[in-house]
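Here is the structure we will look at, set down as structure tokens.
Every heavy atom of this structure was used, including side-chain atoms; hydrogens, water molecules and symmetry mates were not. Because the structure is predicted, anything quoted here is derived from the model rather than measured. Residue numbers start at 1 and run along the sequence shown.
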Amino acid sequence: QVQVVESGGGVVQAGGSLNLSCTASGMNFDDLAMGWFRQAPGKEREGIGCINWSGRRTRYSDFGKGRFTISRDNAKKLVYLEMNSLNPGDTAMYYCAAFPLVSSECYESSTSYNSWGPGTQVTVSS
């Protein structure tokens with residue numbers, strides 16, 4: 001059983017930046033592919049992007065490209081989501097997810113992930 005926990009959410013002004021972190025425990029962190037997702041009130045969960053076990057491969061959804069950057073530090077057992085040029089439309093609960101995969105690839109689809117964190121709220125004020 002993999003436990004996932006996000007941190008770093010909060011309130012930020014439009015145009016600002018925010019960095020989220022995520023850690024996973026319960027198995028070797030190096031064996032996990034990780035993904036970031038978000039869900040705004042009344043909307044479906046959408047994928048932001050993913051990162052493979054080594055950090056050498058990332059993928060982003062169309063809206064995630066350019067403003068969002070995913071990275072990881074396996075020595076610290078952390079995955080990061082750097083968010084820039086935030087706008088009120090980015091207000092949502094942000095989730096980190098994990099699944100065991102040692103591959104050169106990662107997957108953006110939420111159906112690939114079997115361990116999810118409780119989420120961290122990001123609110124962008126205008």
N/O donor-acceptor pair under 3.5 Å between [X] side chain and [Y] backbone:
X: S115; Y: Q3; value: no
X: N84; Y: S17; value: no
X: E108; Y: G49; value: no
X: N52; Y: S103; value: yes
X: R38; Y: G47; value: no
X: Q13; Y: S125; value: no
X: Y60; Y: I70; value: yes

How close do [X] and [Y] get, counting heavy atoms only, and between which atoms?
X: M34; Y: C96; answer: CE-SG, 3.5 Å
X: A98; Y: V4; answer: CB-CG2, 4.1 Å
X: S85; Y: R67; answer: O-NH1, 3.1 Å

L20-V124 co-clustered via ILVMFWY side chain contacts under 4.5 Å: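 Yes, because L20 and V124 connect within a single hydrophobic cluster, where side-chain heavy atoms sit under 4.5 Å apart.
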Common cluster, Y80/M93, ILVMFWY with side-chain heavy-atom separation under 4.5 Å: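 No; M93 is not reachable from Y80 via cluster members.
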[X] side, atom [atom1]; [Y] side, atom [atom2] - distance, nearest 0.5 Å:
X: L32; Y: W53; atom1: CG; atom2: CH2; value: 12.0 Å
X: R59; Y: K65; atom1: CZ; atom2: NZ; value: 9.5 Å
X: E82; Y: N19; atom1: CD; atom2: CG; value: 5.0 Å
X: L101; Y: C106; atom1: CG; atom2: SG; value: 8.5 Å

Passing option when F37 is tested against W116, Y94, Y107 for ring-ring contact (aromatic ring centres under 6.0 Å, His included):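 That would be W116.
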For a side-chain contact (heavy atoms from CB on, under 4.5 Å) check, start with the C-alpha distance between Q121 and T91, then their side-chain angles and the critical distance, and finish with the verdict. CA-CA 8 Å; Q121 178 68 37; T91 295; 3.9 Å; yes
Would you indicate whether the side-chain heavy atoms of E46 and Q39 approach each other to under 4.5 Å?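 Not in contact.
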Side-chain contact test, heavy atoms from C-beta onward, threshold under 4.5 Å: evaluate it for D90 versus V122 and give yes or no.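 D90 vs V122: side chains apart.
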Pairs under 3.5 angstrom only: tabulate donor-acceptor contacts from the side chains of residues 21-29 to other protein residues two or more places apart or in another chain.
unit_1, atom_1, unit_2, atom_2, d
T23, OG1, K77, O, 2.8
N28, OD1, D30, N, 3.2

Would you check if the distance from the ring center of W36 to the ring center of F68 is below 6.0 Å?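 Between F68 and W36, which both carry aromatic rings, the centre distance is not below 6.0 Å.
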Y113/F99 aromatic ring centres below 6.0 Å: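 Yes; F99 has its ring centre under 6.0 Å from that of Y113.
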With S126 via side chain to side chain donor-acceptor pair (under 3.5 Å) - residues at least two apart: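 Partners of S126 by the side chain to side chain donor-acceptor pair (under 3.5 Å) criterion come out as none, since no residue qualifies.
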Residue list, side chain to side chain donor-acceptor pair (under 3.5 Å) with R45, at least two apart or on another chain: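 Result, side chain to side chain donor-acceptor pair (under 3.5 Å) vs R45: none returned.
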